[in-house]
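Reading through the structure tokens given below for one structure.
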Amino acid sequence: MSESQSVYSHHIFVLPFAAKGLESFPKSSNWKKLSQDANELPYLNVEVGEKSERLKYAYRRYFNKEAEELIFRNPELVTNYAYTGLEKGDVYRISYYNQIDKLECYDLTLDYIMLRYLPNLEAGFLIFSMENRLYEELEDIKNINQYGRHLYAPFLPALRSYSVSPNNIELIKSEKIKEKPRESDLLLSYGIMSAPKEILQDFFGLPEEAIFPEDISQFESKPHLEIIIDDRMYVLSYMMVPDVKDLIYKTANWENFDDSEQSLEEMKLLYSILYVDKGDSTCLSRDMLKAELEKLLYTRWSAEGSLYMASQHSMIFMSGSDFPEFFLKGYFLSEYLDLALITLSQRIGILKYSKDAGDRVNARVSDKLKLQKAYTTFKNQYLLPELCPQEQAVEICELLQTSLYIEKHINLLDSQISELHAISQTEASNKLNDRVLVLTVLSLALAVIPNIKELQDNCLTICNLSLAYSSWLTLLISLLTICFLLSTICFFYFKKRK
């Protein structure tokens with residue numbers, strides 16, 4: 001394979017995960033912890049020489065300071081690790097069964113593997129980045145995205161050729177590329193694909209059964225990883241497909257899509273690429289297709305032959321020529337990758353705090369207040385109004401947030417947290433009311449007891465001090481009242497400190 005050969009497509013698979021009960025990592029020497037220097041990020045070092053320096057120069061001036069805090073600059077929010085166990089020519093192998101039940105594979109050259117960990121969210125991303133210089137047909141590129149993002153088989157197919165899952169995903173050393181793919185049992189029972197499983201085991205030092213266990217209840221008190229957001233990896237993909245050049249031009253004006261059968265088939269094709277479908281589109285409704293595509297396609301450059309689109313499963317950059325490969329591809333696979341990762345981080349945070357809110361309905365008031373404070377901090381750190389001053393970046397961010405339902409879910413979560421706050425306030429008010437009631441009763445006793453004649457006429461001597469019963473009772477109730485007031489003051493003081 002020639003290095004000068006055109007890249008037909010580029011594929012980045014992002015695996016979000018939650019880390020439960022894990023503290024010290026990485027456990028292997030195959031990982032390098034990166035510093036707070038953007039120049040060390042793996043996706044800025046795929047290219048070499050002048051091309052790499054131009055990309056780094058642009059990247060350092062792309063994001064605002066608050067966005068950089070979430071990408072590489074603030075170790076309290078993010079830590080990046082690069083996998084150093086790769087050698088030139090190693091591949092990401094996706095083996096699958098074709099229509100005649102024969103085992104075949106796609107071999108994609110690995111650019112890098114990295115892991116981004118988010119300490120405050122106790123979550124992270126495992127990222128595989130590959131290029132395709134072998135398979136130029138659109139159907140193959142679609143299959144790479146669809147098969148390559150799977151973690152496990154979502155169902156057990158009657159025939160292996162009908163499966164939407166691959167036989168396996170493996171990391172193959174360059175000297176073993178000529179070996180044929182091997183059958184696995186991952187289409188017969190639950191099991192995690194080899195590549196993500198082995199890399200995560202290497203990083204966290206966990207046993208195989210602790211990597212996305214099928215029955216999480218068995219690992220509640222043990223260190224393990226959990227799948228979050230989706231049961232498949234998020235796809236970020238650049239495609240250079242001359243066959244769709246006219247279709248890309250057509251998206252510049254939605255009036256070009258009429259009621260013809262051809263327009264319907266074209267919309268189904270776009271939808272199947274955007275939603276990473278195997279084969280044909282999983283949506284057949286013309287009205288729904290048009291509504292979804294109008295919402296999720298970014299057509300600013302369609303008239304020039306370039307099309308961006310994003311869904312909850314993917315972010316795609318399509319071109320009908322190889323021009324973006326020499327100019328735009330690097331920016332898409334670095335700057336736009338980080339835009340997608342920040343948006344996915346927002347989604348992770350929403351899911352985390354939604355679960356925490358549900359778990360703390362019956363918690364102490366102080367715990368609810370801690371959750372509200374943590375949630376407010378999360379919103380201030382992650383839900384930034386602007387990641388980059390560039391107009392197109394602002395629009396792409398809005399597209400990503402729309403596709404991942406960020407605004408919709410943050411509104412729901414705000415409502416959850418507000419209701420939790422209301423419960424906290426009610427509980428605190430009830431406790432205060434109880435104390436006020438006790439104080440009221442004591443006050444009434446102080447007012448009534450001295451005026452009871454029988455108590456005034458009889459005396460009691462204690463420690464040579466002779467006082468009427470009413471005086472003794474008044475003194476006792478006064479002391480109880482003072483103690484109660486002091487305990488109330490201490491209660492609200494320490495509650496506020498918590």
Side-chain angles (χ1 to χ4, degrees), residues 5-12 106 108 131-149 164 234-333 336 340 392 395-396 398-400 402-403:
Q5 182 179 334
S6 180
V7 176
Y8 299 121
S9 60
H10 203 109
H11 307 263
I12 298 178
Y106 294 112
L108 307 175
E131 64 180 20
N132 159 34
R133 295 177 182 265
L134 298 175
Y135 316 99
E136 61 180 312
E137 296 298 324
L138 177 58
E139 195 61 32
D140 287 321
I141 295 171
K142 286 179 58 184
N143 282 343
I144 289 170
N145 279 341
Q146 198 282 133
Y147 284 130
R149 67 188 291 251
V164 296
Y234 186 86
V235 178
L236 192 129
S237 183
Y238 155 76
M239 306 176 181
M240 194 279 287
V241 189
D243 292 347
V244 298
K245 181 184 290 187
D246 292 339
L247 177 56
I248 292 173
Y249 290 142
K250 191 172 180 176
T251 62
N253 186 349
W254 280 103
E255 292 182 2
N256 293 329
F257 291 88
D258 52 29
D259 294 333
S260 67
E261 190 65 26
Q262 178 183 345
S263 289
L264 176 61
E265 292 303 315
E266 288 170 338
M267 288 192 293
K268 286 164 64 177
L269 175 60
L270 288 171
Y271 187 95
S272 69
I273 295 170
L274 176 59
Y275 278 88
V276 202
D277 292 332
K278 179 182 179 182
D280 204 359
S281 167
T282 52
C283 178
L284 303 180
S285 165
R286 185 188 296 270
D287 291 341
M288 186 174 178
L289 283 167
K290 193 167 185 179
E292 283 293 293
L293 293 175
E294 281 193 74
K295 181 174 67 174
L296 299 177
L297 266 60
Y298 182 72
T299 57
R300 175 189 279 262
W301 301 104
S302 292
E304 298 295 325
S306 296
L307 175 65
Y308 297 87
M309 46 188 174
S311 72
Q312 66 192 79
H313 305 303
S314 71
M315 183 178 184
I316 307 292
F317 175 28
M318 292 176 61
S319 175
S321 72
D322 60 3
F323 171 71
E325 180 184 345
F326 303 107
F327 180 64
L328 298 175
K329 186 189 74 170
Y331 302 121
F332 176 74
L333 298 175
Y336 283 24
Q392 181 166 318
E395 293 168 350
I396 290 291
E398 291 178 355
L399 176 66
L400 287 164
T402 298
S403 66

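None of these values were measured; they are calculated from a predicted model.
To the nearest 0.5 Å, atoms CE (Met315) and CE (Met309) are separated by 11.0 Å. Taken from CG in Leu274 to CE in Met267, the straight-line distance is 13.5 Å, to the nearest 0.5 Å. Taking CG of Asp280 as the start and CG of Leu269 as the end, the distance is 9.0 Å to the nearest 0.5 Å. Here Gln312 contributes atom CD and Thr402 contributes atom OG1; the two are 12.5 Å apart, rounded to the nearest 0.5 Å. With rounding to the nearest 0.5 angstrom, the CD atom of Gln392 is 6.5 Å from the CH2 atom of Trp301. Note that the OG atom of Ser281 and the OH atom of Tyr275 stand 10.0 Å from one another [nearest 0.5 Å].
The two residues Arg133 and Tyr8 come nearest to each other via the heavy atoms O-CE1, 3.4 Å. Residue Met240 comes nearest to Val7 through the heavy atom pair CB-O, 4.0 Å, listed as atom of the first residue, atom of the second, then distance. Here the shortest heavy-atom pairing between Ser314 and Val276 reads CB-CG2, 3.8 Å. Across all their heavy atoms, Arg149 and Gln146 have their closest contact at CG-O, 3.4 Å. Pairing each heavy atom of Ile396 with each of Tyr298, the nearest pair is CD1-CD2, 3.7 Å. For Lys278 against Val164, the heavy-atom pair with the smallest separation is CD-CA, 4.2 Å.
In summary, the aromatic rings of Tyr147 and Tyr106 are positioned with their centroids too far apart to meet the 6.0 Å limit.
Between the side chain of Ser9 and the backbone N or O of Asn132, no donor-acceptor pair lies under 3.5 Å. With Ser237 contributing its side chain and His11 its backbone, the two residues share no donor-acceptor pair below 3.5 Å. Of the possible polar contacts, one joining the Asp277 side chain to the Thr282 backbone as a donor-acceptor pair under 3.5 Å is found.
Of the N and O atoms on the side chains of Ser260 and Asp258, at least one donor lies less than 3.5 Å from an acceptor on the other residue.
The side chain to side chain contact (heavy atoms under 4.5 Å, CB included) check on Glu139 picks up Lys142, Asn143, with sequence neighbours excluded. With sequence neighbours left out, Thr251 forms a side chain to side chain contact (heavy atoms under 4.5 Å, CB included) with Phe257, Leu270, Leu297, Thr299, Ser302, Leu307. Residues forming a ring-ring contact (aromatic ring centres under 6.0 Å, His included) with Tyr234 (at least two apart in sequence, or on another chain): none. A search for ring-ring contact (aromatic ring centres under 6.0 Å, His included) contacts involving Tyr308 returns Phe317, Tyr336, not counting sequence neighbours. Residues that satisfy the salt bridge (Lys or Arg N to Asp or Glu O under 4.0 Å) test with Arg286, not counting sequence neighbours, are absent from this structure. Checked against salt bridge (Lys or Arg N to Asp or Glu O under 4.0 Å), Glu136 has no partners two or more places apart in sequence or in another chain. For Ala291, there are no side chain to side chain contact (heavy atoms under 4.5 Å, CB included) partners, not counting sequence neighbours. Not counting sequence neighbours, the partners of Glu294 by the side chain to side chain contact (heavy atoms under 4.5 Å, CB included) test are Trp254, Lys290.
Applying the salt bridge (Lys or Arg N to Asp or Glu O under 4.0 Å) rule to pairs touching residues 307-316 yields nothing, sequence neighbours excluded. Here salt bridge (Lys or Arg N to Asp or Glu O under 4.0 Å) pairs that include residues 303-317, with residues two or more places apart or in two chains, number zero.
By the 4.5 Å heavy-atom criterion applied to side chains, Leu236 and Phe332 are counted as neighbours. Counting only heavy atoms from C-beta outward, the side chains of Ile141 and Ile273 never approach each other to under 4.5 Å.
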Identify every side-chain donor-acceptor pair in residues 243-250 under 3.5 Å, counting partners at least two apart or on other chains, and give the distances.
{"from": "Lys250", "atom 1": "NZ", "to": "Ser263", "atom 2": "OG", "distance (Å)": "3.3"}
{"from": "Lys250", "atom 1": "NZ", "to": "Glu266", "atom 2": "OE1", "distance (Å)": "2.5"}

Determine whether His313 and Val235 satisfy the following criterion, side chain to side chain contact (heavy atoms under 4.5 Å, CB included), listing intermediate values before the conclusion.
CA-CA 6 Å; His313 305 303; Val235 178; over 6 Å; no
